[in-house]
Structures are given as structure tokens and as C-alpha cells.
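Okay, so here's the structure we're looking at.
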Amino acid sequence: MNAAESNPTPTEAESTTESATKSNFIRDIMIADIESGKHGGRIQTRFPPEPNGYLHIGHAKAICLDFGLAKEFGGKTNLRFDDTNPSKEDTEYVEAIKADVQWLGFQWDGLFYASDYFQQLYDWAVQLIKADKAYVCDLTADQTREYRGTLTEPGKDSPYRNRSVEENLDLFERMKNGEFPDGSRTLRAKIDMASSNLNFRDPVMYRILHMEHHQTGNEWCIYPMYDYAHGQSDSIEQVTHSMCTLEFDNNRPLYNWFIEQLGIFPSQQYEFDRLNLTYTIMSKRKLLKLVQDKLVNGWDDPRMPTLSGMRRRGYTPEAIRNFCASLGVSKTNGTTQLQQLEYYVREDLNKHSLRVAAVLKPLKVMLTNYPDDLVEEMDAVNNPEDASAGTRKVPFSKTLYIEQDDFREVPPPKFYRLSPGKEVRLRYGYIIKCEEVIKDADGNIVELRCTYDPETRSGGPSTRKVKATIHWVSAAHALDAEVRMYDTLFTKENPEEVEEGQDFTANLNPNSLEVLTSKVEPSLLDAVAGDRYQFERMGYFCVDPNTAPGKLVFNKTIGLKDTWAKIEQRGK
RNA sequence: UGGGGAGUCGCCAAGUGGUAAGGCAGCGGCCUUUGGAGCCGCCAUUCCUAGGUUCGAAUCCUAGCUCCCCAGCCA
């Protein structure tokens, strides 16, 4: 084990235990490029989010690839905000993205904005106009669409396509100067209206948008389109390998075209498959809708697939990194099962979480033969996976709480826990036997009367064995806690699968959040937001920021693997 | 229908002419004062289909089939 692995709160990407250097086709290309001496063997990448939403687990895959590969080959990675559309962007997103990238464990070399290059991009546009490769077009948006043609029919040349260079220069400058209203004109590349690649049918380079930009204020009222900005931004930064997702495959020829026409540094784009997860929606537009329509409680709602949501829920950066490293990088459109992510979350939490007792749904237990005022201090192991985590004392007394699910008045087959006349071990306590079931007027079980066997104290000489061990908490010593239990946000593996006329919100899981009033052991008194624990036998839980003095709030990160639940499910 | 991309176990994925890695899930068993964790074992005679080349094909050729992307003044 290396030093990073023994660090309980790993924050650096080096601590990723899974090989971050698993082979993939982009990595192979880099190795070949280094061997051939391309760009002097230099590797440089970039992570280019648009600040129009929060980062999600899909971005994590891209981040791990962009930063991971550059790091492996001693290269650099810039964080560059692709901020060419002020109508959708905001500094709130800029700040959230920076925080999330760092939380994931990565540090960028340069921090840039596509808007840093607006003047250069403008100058290059003038250069293309002078080379008769671009023109100002007065067609409306609707007309532009009509002129573009269809998948099977070529488009028609715009009537403005053959304006003189002088007129184009004059019009473009006046566009920049704000003389024309939004949507009245565009600057277009003069390529080929009959191209089978629709991106080549005289793509729009600039549109007029009289709108304040979060970085450049009111300096510009024309903004470049993605295709006109992205490749050149890569080129300006001398990015050697520019990774993006599959849907940009069709844009690569245009990416190359601008670079070639301008004669600038030849960055190369490579496309890989975007991450899709079952029971999850990855579209930023749809995630925004969930937030805006208050279908969730913000971008960091623990049910969201955002990095901020996962952080609040208790997922660790290392778990996410290991998950990403386990993923393939290919060109296949696929959907990874949620269980694969959950596996890596459990794997990491199991190694690092302190164990603690929490009774989620309390059921009172009275030990009739236990001394009224006796309180024993029992020794409990903090983490069986890590001896250095030590032990703690937990108070044991006559009145306890156990989990409602650990008692069945009529036990089904294979149910090893408590039931009338049966015995069970209390973890770090004694073996107890259920003698009597107390019910209220409505027939609800409100209390169990049990006896304990004084000879069976944990750690003592007794070798008596019972089928099951359950957790408990001393009623007089336990702390109250709010526990937020989560299930998947959607009920369907594919949330997009809806009936005619419905949208993905029709698949929202009405039971994705359940709030419990629980009892937790007293050692949790000073727990602070972000602390992660394993509630023994129940799962992993994380202290929510809503926690305040005297009011503990936990989020369920993920349950433990539950063999009994599986057996019971199978019986149904 | 034009162009581009892709089809290997339930899911992800190695493999690049020499006889189908690995992970997740699943299923058995061991162990256990967490029905947790851990450990052991099982899990593709076959690679979208059909032909062909070859001593030999997931890998080469031919013809089909299926899925994804592109008709924003979004990225």
C-alpha cells in the first residue's frame, strides 16, 4: 500500500488505485505520436466546458481522460470555458465548474476562456473575408434553414454569397459596431452549399447578439459560433490532442477547415463515446429543467448525477475516478449500468469509513432482567478494514432501540433475526431472547420485552453462537437524527422511454426521497458536514450541510450489499 | 433517402490472421459477533447475418441487417 492509499481523505488523482493508464485507442494514438516525434513529443489537452450548467458524472469521464492522459505523458491540460453564447451562461457555473474539477482531484495548467480570444477570432474572420472565404449574409434564420437543403437534397447559394470583399468588410465591421439588430445578419464561411456534410453548407461563424457577456461585458455584440471558436481556441493554446464526444464527429472536417484556411497550429480532434448511465439523465438542458421546475432541490441535490450532488451524497472523488478508469474509451454508443458506479463507491467507502451504529427505524427493546440503572461501556471497532482507526466505547443499558426490520412476529424461512422465542446477538453486546411482544390499541408492535444472557458479553469467554447479529443503540444515550434515504431519481433504466406526448419527467420516481427520524449512537455528536460513516448493516451515510448544532442530518450515500433482501425478494 | 460513426457474454470492454483477457451483474461454496468485507469456483466452441479467401478468420474479401449522429443565428 502506498502513502496515498492510507490517507483517509485522498484529494489527489495520484491516489486512484485503478490503473488510470488502461489502454484505449486515444492513448494508443498519443503513444504513436510521441514515438514519431510529432509536436516534439509534446502532449497537451484541454477540458472545455460551457458554463451553462453544473458538471455531471459524464463530464467526470472526460475530465479523467483529458487530465489523466496528459499527466501520464508529462503533458499539460488547460481548463477552458467555451463561453461563446452569453444567453445561456453565467459566472455561477464558472465557479461551480472550477470547484468540481478540483474536488475531483485535478488541477489545470492554464485557465482560459474562449472569450479571451474574441479579438483574435475577429481578426481571423476579417482575414477570411479578405481571402473571399467568408461573407455577410442577410438571410433570416428561417430562410437560412430553407436554403440549407436537406439530408438528401443540396442547399442553394445565399443571394448574398457573392458580395464584394469591400462590402463584406464594411458590413462585418458595422455588425461588430452594433449597427444592426439581433438576427438581422450573420457572417458565414463560404464553403459548399451542396456538401454531403451539412456543416459545410456555409456555416454561420458569427451571429449578432446584443447581450452582456459574463466575461467581456458589453465589449461585443457579435459572438462566434462553436465551430468557429473551438478549433482555433485549441490551436491558440497549442493543444495537441483535443478530445470530445462522438456527436462532434461530423464537425471535425470543419474544425480542420478553419485551421487549414488560417494556417495555424494543427490541433487534432478525437472523438470518444459519451458516458450514459442507467436510471440517469445526462443532458444539461434536462438537468436544468429539474432544477428550475423544482423537481429536485437544486443542482447539488443528492439525487442529481452532478458532481456537486454526488459530493453532497457522500460519493468520494477517488470512487468516481476509479469508476471512470474502469470505463472503456471507445466509439460504441452504450449505457453503463448504475451498479458499476455503485461498486466503486462501496469499494472506496468500505476501506475508509468509520463504523457506527444507527437505528434508522427504531423499535424499543426492554431487557427485563438487566439492572435498571446499569450502564456498561462496550468496546466497538471503528473500522475492521483499518486497525489504525482504533476502537470506541458505546453505552449499553436496559432500554434499547433496534431496527424494526430486525424483528418479525412471524419469521419467514431463512429469517435469522429476532422473533418471538428466538435469540439474536446484539453487536458488541449480549445475546438476547425475545419473550414478549407489546402492541398498541391498533395492533402495532411498539415494544419488545427480552431477556439477555449475562454470560455472553462480547469479548467474553462464552462461545455460544447464534444465527444473526443485529445493531442497536441505547435509548437514553442515543441522538436524534434526520436521515434522508434516496432511491434512483427515475423509475426506468432509460428515463427517456416515455409514451407519446410525455417527457422524461413522467418517469420521475415519486419515492426517490424518504425522510426518516432515526436514533444514532452518541459518538456522532460532533459530526460535521461532509463526514462519511458506515451505519453498520445499513449502508454508508454522509453528514449533510443542513446539519446544525443539535440537529444531525444524514444523507444515505448507498446501501450495503443486502443478501437477506435478495433472498426475500426471490421468495416473492 | 445523402454523409459520418458503430455492432465481441445481461452491461462495459480487450483482441488487429494462430485458435475469445478483464471488470460489473448473476450463480454456487468457504469464512464471518456487519446476512457487510474477504476468499474460492462457475459464467461466449463463439464474435450482427450470409457467403467467400486461408492449413487456420472476431480479425481479410463480398453482400446484407441493425443502431447512433448531422438539416440551431446551441455546444
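Below, chain A is the first sequence line, B the second, and so on; all start at residue 1.
- Counting atom types as modelled, Gln534(A) pairs a side-chain N or O with a base atom of U34(B) as donor and acceptor under 3.5 Å.
- With C1' as the reference atom, C69(B) and C74(B) are 16 Å apart, rounded to whole Å.
- Counting any heavy atom pair closer than 4.0 Å across all strands shown, Ile208(A) reaches no nucleic acid atom.
- Base pairing of A6(B): its partner is U66(B), meeting the Watson-Crick or G-U wobble criterion (both donor-acceptor distances under 3.5 Å).
- Nucleotides U53(B) and A63(B) are separated by 15 Å at their C1' atoms, to the nearest Å.
- Judged by centroid separation below 5.5 Å and plane tilt below 30°, Tyr343(A) does not stack onto the base of G23(B).
- Going from the P atom of U49(B) to that of G36(B) covers 40 Å, rounded to whole Å.
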Under 4.0 Å protein heavy-atom contact, by nucleotide of nucleotides 28-33 of chain B - B base, S sugar-phosphate only: S----B
Using a 4.0 Å cut-off on protein heavy atoms (strictly under), produce a 5'-to-3' string for nucleotides 5-10 of chain B with B for base contact, S for backbone-only sugar-phosphate contact, and - for none. SS---B
Can you tabulate the close N/O pairs, meaning under 3.5 Å, that link protein atoms to atoms of nucleotides 46-48 of chain B?
none

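- In this structure, CD1 of Ile558(A) is placed 15 Å from P of G36(B), rounded to the nearest angstrom.
- When the nucleotides A75(B), G15(B), C73(B) are ranked by their closest atom to the side chain of Asp82(A), A75(B) comes out on top.
- The interatomic distance linking Gln339(A) (CD) with G23(B) (P) rounds to 17 Å, in whole Å.
- Comparing the same atom, C1', in G51(B) and in C12(B) gives a spacing of 32 Å after rounding to whole Å.
- Of all the residues in residues 225-233 of chain A, Met225(A), Tyr226(A) reach under 4.0 Å from RNA chain B with at least one non-hydrogen atom.
- Legend: salt bridge (Lys or Arg N to Asp or Glu O under 4.0 Å) pairs involving residues 78-88 of chain A, not counting sequence neighbours, sorted by first then second residue: Arg80(A)-Asp234(A), Arg80(A)-Glu237(A).
- Closest contact between the side chain of Arg145(A) and the listed nucleotides U34(B), A71(B), A37(B) involves A71(B).
- By the salt bridge (Lys or Arg N to Asp or Glu O under 4.0 Å) test, Arg185(A) pairs with Asp138(A), sequence neighbours left out.
- U16(B) and C48(B): their P atoms are spaced 16 Å apart (whole Å).
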